[in-house]
Amino acid sequence: MDSTRTSTTPVATASSTRLRWAVLAAASSLVLLAACGKQDDRTVGQKVDAAVNSAEQKTDAAAEKMRQETADLKARTGEALDKAADKTSNAADAAVQKAQDAAITTSVNAELAKDPTLSALSINVDTTAGAVTLRGTAPSTVARERATALAKAVKGVHSVDNQLLIKG
């Protein structure tokens, strides 16, 4: 039985020695950490107040950033809406102009068709922004000039470019 005690005792002694060293190292570490750390003499209430103040400052900064980003977004949105409105207005203006030009072209063709000396089938009428261009043929110089006069008499015509050729 003595041999049993002697064989377990060295193992137990080695384990307890290791445990003592580990406890000693941990205690030393705690002492060093406490010595290195700065001491805070504030009360719990002061610490809470400081934490609340810090949170309020961060909240205020975040709110200000959000306000600025919102203002920037509003400005960009306003610019985008202005551009869209301009494009819509321009498109509407272009559509109105095309409708007016088509009405002018139709009216000039109707006037040419009424004239007994001119053939509406041999005259091509193009209108751009109220400027009428006549292309094709006319039977005489008088008929060519008559086509110009008829086109100029139509409401909305600003100018007439008569490119009719005399074919007699």
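Remember, predicted model here, so these are calculated numbers, not experimental data.
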Spatial distance of atom CD (Gln100) from atom OG1 (Thr127) [nearest 0.5 Å]: 11.5 Å
Pair Lys114-Glu111, salt bridge (Lys or Arg N to Asp or Glu O under 4.0 Å): steps then yes or no: CA-CA 5 Å; Lys114 290 179 194 176; Glu111 292 301 315; 3.2 Å; yes
Identified side chain to side chain contact (heavy atoms under 4.5 Å, CB included) partner of Val125 from the options Ile104, Thr106, Val160, Val132: Val132
Separation of Thr128 OG1 from Lys98 NZ (nearest 0.5 Å): 10.0 Å
No-hydrogen, no-angle side-chain donor-acceptor test under 3.5 Å, Gln97 and Asp93: no
Non-hydrogen side-chain atoms of Thr117 and Val142 separated by less than 4.5 Å: no
Residue pair Leu150 / Val154, side-chain heavy-atom distance below 4.5 Å: no
Distance, nearest 0.5 Å, that separates CG of Asp126 from OG1 of Thr133: 6.0 Å
Ser122 side, atom OG; Leu112 side, atom CG - distance, nearest 0.5 Å: 9.0 Å
Ala85 backbone acceptor or donor facing Ser89 side chain under 3.5 Å: no
Point-to-point distance, once rounded to the nearest 0.5 Å, from OG1 of Thr88 to CG of Leu81: 10.0 Å
Flag side-chain contact, heavy atom, 4.5 Å: Gln68 against Asp72: yes
Sidechain-backbone polar pair: Arg144 side chain, Leu164 backbone, donor-acceptor under 3.5 Å: yes
Pairwise side-chain contact, Leu118 with Ile123, heavy-atom cut-off 4.5 Å (strictly under): yes
Separation of Asp161 CG from Leu134 CG (nearest 0.5 Å): 8.0 Å
